[in-house]
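For reference, the structure is listed below as structure tokens.
Both backbone and side-chain heavy atoms feed into the values below; hydrogens, waters and symmetry mates do not. Note on naming: letters A, B, ... go to the chains in the order of the sequence lines (proteins, then strands), and numbering restarts at 1 for each one.
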Amino acid sequence: MTGIEILDPGLEGLLSRVELPRRVIRIRRRGKYIIFELDRGFLVMHLRITGRLILGELRGPETRAILRFRGASLSFLDRRRMATAEFVEDISWLEAKLGPEPLGDLSWLPGALKRSRRPIKVWLLDQKNIAGIGNIYASEVLFVAGIDPRRPANSLSEEEAVRLSRAIREVLSEAIAHRGTTFSDYRDSSGDPGGYQEFLRVYCRAGKPCKRCGTPIERIELGGRGTFFCPRCQR
DNA sequence: TAACACCTGTTC
DNA sequence: GAACAGGTGTTA
């Protein structure tokens, strides 16, 4: 990393406290966080809802910073300015607040569900339980598993918990294969939208017929977030 | 654990 | 004018 141009004054304190250049050892993801491992310290980013990292130098009202590397630049854009980026010396705090990865081994999941009475949909969104499931995929996963999002986590049977584990893997793998879900803002690093919005089963389909049984999809609020489900297919 | 706060844009 | 939006951190 050879330089950073900070365009949003709100990022000053978080990004300017490191002397450049620094070597990037590798870039990885943990939950919804993007981690640049540097020869000393880390650059940790979270794109929240409308954040984007686009290759090249894009200057516009949404541009918050431009990261420069030897031979490449990354523009950090964010329409709602809720995304975060900061240099830190260590990232143990991140590991401490995130549950296991959703695409890893999930054999622990049935046991963990028994320890919570929260609605299963709210449980899935809590990054401390499992890291990386957002509001779209929580609804989608529960539809595929055939589970009512309002059910207390600890009311799921062993068999339902196993179905849920499989649904998590299936939905997230499919979504990744289609390069993500774009309603309005999400873009990949080339600026291209994802394609999974074409395949969503329940999310944002309130009133439309269930793709499996034809019953109108319902929208309710759980944990303050819009939640979509089929009252017939999900019990 | 729920409500609110953080932001700004879109849609009704 | 109000409601809604893919997320998370703080507060009550």
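When base pairs are accepted only as Watson-Crick or G-U wobble with both N-N or N-O distances under 3.5 Å, DNA chain B takes part in stems of 3 or more pairs at B:1-6 with C:7-12, B:8-12 with C:1-5.
Within 4.0 Å (heavy atoms only), A:Arg219 reaches sugar-phosphate atoms of the nucleic acid but no base atom. Note on A:Thr181: a base of the nucleic acid sits closer than 4.0 angstrom, heavy atoms only. Nucleic acid contact for A:Ser184: base, since at least one base atom lies under 4.0 Å from a heavy atom of the residue.
Taking the side chain as every heavy atom from C-beta outward, A:Ile147 and A:Val141 never approach each other to under 4.5 Å.
Listed pair A:His46 / C:dT8 meets the phosphate criterion, a side-chain N or O lying under 4.0 Å from OP1 or OP2.
Residues A:Phe183 and A:Tyr203 bring their aromatic ring centres within 6.0 Å.
B:dT8 atom P lies 10 Å from atom CE of A:Met82, rounded to whole Å. Rounded to an integer number of Å, the gap from CZ of A:Arg52 to P of B:dT8 is 16 Å. What separates CG of A:Leu47 from C1' of C:dG6 is a distance of 11 Å, to the nearest Å.
Results of the salt bridge (Lys or Arg N to Asp or Glu O under 4.0 Å) test with A:Glu101 over A:Arg29, A:Arg169, A:Arg28 single out A:Arg29 as the only residue that passes.
Closest to the A:Phe183 side chain, of the nucleotides C:dG6, C:dT8, B:dT8, is C:dG6.
Of the residues in residues 113-127 of chain A, those lying under 4.0 Å from DNA chain C by heavy-atom distance are A:Gln127.
Among pairs with a residue in residues 223-235 of chain A, none fulfils salt bridge (Lys or Arg N to Asp or Glu O under 4.0 Å), at least two apart in sequence or across chains.
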Output a table of nitrogen or oxygen pairs between the protein and nucleotides 9-11 of chain C separated by less than 3.5 Å.
{"residue": "C:dG9", "atom": "OP1", "partner": "A:Tyr33", "partner atom": "OH", "Å": "3.0"}
{"residue": "C:dG9", "atom": "OP1", "partner": "A:Lys97", "partner atom": "NZ", "Å": "2.6"}

Please list each protein N or O that sits under 3.5 Å from an N or O in nucleotides 9-12 of chain B, with the distance.
{"residue": "B:dG9", "atom": "O4'", "partner": "A:Arg79", "partner atom": "NH1", "Å": "2.9"}

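Partners of A:Pro110 under the side-chain contact (heavy atoms from CB on, under 4.5 Å) rule, at least two apart in sequence or in another chain, are A:Glu158, A:Ala161.
Between the side chain of A:Thr182 and the base of C:dG6, no donor-acceptor pair of N or O atoms lies under 3.5 Å.
The aromatic rings of A:Phe69 and A:Phe36 sit parallel, their planes meeting at an angle under 30°, below the 60° perpendicular limit.
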